[in-house]
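Worksheet: one structure, shown below.
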Amino acid sequence: MARFNRYKEDVDLSALRSYCEEHGRVCLYSKGDVILQQGEIGRYIGFVLSGYLRYTTVTDSGNEAVVGFAFEGECVCDYNNSYQGLPSEISIVAGCDTKIMQSEFKKVKSLIEASMPGFHGNVSDALFREIYKRYLEFYRKTPTQRYIDLLSKHPDIFDIVTMRDIASYLQVTPVHLCRIRKKMFEFK
């Protein structure tokens, strides 16, 4: 899944990836395994070697909502909360059998603070820009427009991610997503 998370274009994560490769370990997770539970402080940072993860939060009604994904080659963690030692506002869950190269976050934080001046601010800024853009898209675009954008940028997403997770990410019900898809096929 190429370029799902745009922050990677603004920040060079190669030093973190190299650190994880040198000092980390490969961890295997089965579909549904929780890598980080909402309310806990994140202890790990990693890079997805295969599979994908979904970032979720629990709504006031107790339902799980998908707020993001991490695909092969992407960094996975709740960066800002982990960096600050704060409880996570999200859970990170394996969307399928997933392999991650991961390291302890506190060791990566020490590396950042010792030898990467300005890195934390750059990552925080890039993540803020991405999240803010997504937030505004929920006001600027209809669910159909968000679906079209998602599909145009990631035409293979339905081959990787369940329809239920995509619907949640788009903030529609699976039934509504089916209607959107049906309508799109009728116009082709």
Side-chain angles (χ1 to χ4, degrees), residues 1-11 13 27-39 42 45-81 88-100 102 126-188:
M1 177 74 53
R3 294 182 47 228
F4 187 85
N5 293 301
R6 294 172 287 226
Y7 67 84
K8 296 186 308 183
E9 297 167 9
D10 297 333
V11 180
L13 298 175
C27 298
L28 304 173
Y29 296 98
S30 297
K31 180 179 181 175
D33 284 353
V34 177
I35 287 83
L36 173 62
Q37 181 67 47
Q38 184 173 332
I45 184 170
F47 288 84
V48 182
L49 300 174
S50 65
Y52 80 93
L53 298 118
R54 63 183 192 268
Y55 291 73
T56 66
T57 191
V58 177
T59 66
D60 286 342
S61 59
N63 296 320
E64 179 185 85
V66 177
V67 298
F69 298 102
F71 294 101
E72 189 173 320
E74 294 187 323
C75 184
V76 60
C77 69
D78 180 7
Y79 181 81
N80 280 321
N81 284 328
S88 181
E89 296 286 335
I90 52 102
S91 292
I92 302 174
V93 182
C96 63
D97 291 347
T98 302
K99 187 188 306 186
I100 303 171
Q102 69 184 37
L127 290 170
F128 175 79
R129 284 190 303 276
E130 180 160 343
I131 292 166
Y132 192 60
K133 181 176 173 129
R134 286 184 192 178
Y135 172 75
L136 292 175
E137 285 176 355
F138 284 110
Y139 289 94
R140 292 178 178 154
K141 298 181 179 187
T142 67
T144 299
Q145 290 169 322
R146 293 195 308 268
Y147 168 79
I148 291 168
D149 286 352
L150 181 65
L151 209 54
S152 69
K153 293 174 187 165
H154 312 289
D156 59 341
I157 194 162
F158 281 95
D159 297 334
I160 302 167
V161 179
T162 66
M163 187 177 302
R164 178 176 104 21
D165 286 346
I166 293 169
S168 180
Y169 178 75
L170 293 171
Q171 289 191 341
V172 298
T173 65
V175 171
H176 189 75
L177 180 56
C178 285
R179 286 185 195 125
I180 292 171
R181 294 186 76 196
K182 183 179 177 186
K183 195 175 194 180
M184 297 306 298
F185 286 125
E186 288 173 2
F187 286 117
K188 283 187 175 186

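Numbers here are sequence positions counted from 1.
- Distance CD1/I157 to CZ/F69: 5.5 Å, rounded to 0.5 Å.
- The CD1 atom of I45 sits 10.5 Å away from atom CD of Q102, with the distance rounded to the nearest 0.5 Å.
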**OP:** Might you work through the side chain to side chain contact (heavy atoms under 4.5 Å, CB included) test for R164 and E64, ending with a clear yes or no?
**Re:** CA-CA 11 Å; R164 178 176 104 21; E64 179 185 85; 4.0 Å; yes

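- Between E89 atom CD and N80 atom CG the span is 12.0 Å, to the nearest 0.5 Å.
- Nearest heavy-atom pair, L36 versus S88, reported as atom, atom and distance to 0.1 Å: CD2-OG, 3.5 Å.
- Looking at every heavy atom in both residues, A126 comes nearest to V11 through CB-CG2, 3.5 Å.
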**OP:** Show the numbers, then the answer: is there a side chain to side chain contact (heavy atoms under 4.5 Å, CB included) between F138 and R146?
**Re:** CA-CA 8 Å; F138 284 110; R146 293 195 308 268; 3.3 Å; yes

Subject >> side chain to side chain contact (heavy atoms under 4.5 Å, CB included) assessment of H154 paired with F71 >> reply: CA-CA 12 Å; H154 312 289; F71 294 101; over 6 Å; no

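- Here the straight-line distance linking atom OH of Y29 with atom CD1 of I92 works out to 9.5 Å at 0.5 Å rounding.
- Applying the ring-ring contact (aromatic ring centres under 6.0 Å, His included) criterion to F128, with sequence neighbours excluded, gives Y132.
- Applying the salt bridge (Lys or Arg N to Asp or Glu O under 4.0 Å) test to every pair with at least one member in residues 165-174, sequence neighbours left out, gives these pairs: R54-D165.
- When all heavy atoms are compared, the tightest approach of C75 to A70 is O-CB, 4.0 Å.
- Considering OH of Y79 and CG of L127, their distance stands at 8.0 Å, rounded to 0.5 Å.
- To the nearest 0.5 Å, the span separating CD on Q171 from NE2 on H176 amounts to 12.0 Å.
- Looking at S91, its side chain does come within 3.5 Å of a backbone N or O of Q38 through a donor-acceptor pair.
- Counting only distance, with no hydrogens or angles, the side chain of S30 and the backbone of D33 share no donor-acceptor pair below 3.5 Å.
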**OP:** Please report the C-alpha distance between Y169 and R134 in whole Å, then the side-chain angles of each, then the deciding distance to 0.1 Å, and finally whether the side chain to side chain contact (heavy atoms under 4.5 Å, CB included) criterion is met.
**Re:** CA-CA 11 Å; Y169 178 75; R134 286 184 192 178; 3.5 Å; yes

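- The shortest distance between side-chain heavy atoms of L151 and F158 falls below 4.5 Å.
- Of all heavy-atom pairs spanning F47 and L13, the tightest one is CZ-O, 4.0 Å.
- Counting heavy-atom neighbours within 6.0 Å of E137 CD, excluding the residue itself, gives a total above 12.
- Looking at I35 and L53, their side chains come closer than 4.5 Å, going by heavy atoms from C-beta outward.
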What side-chain donor-acceptor pairs closer than 3.5 Å can you find for residues 93-100, not counting sequence neighbours?
from	atom 1	to	atom 2	distance (Å)
D97	OD1	K31	N	3.2
T98	OG1	Y52	N	3.4
T98	OG1	Y52	O	3.1
T98	OG1	C96	O	2.7

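- In terms of heavy atoms, S168 sits closest to V66 at OG-N, 2.7 Å.
- In the model, T144 has no side-chain atom that pairs as donor or acceptor with a side-chain atom of T142 under 3.5 Å.
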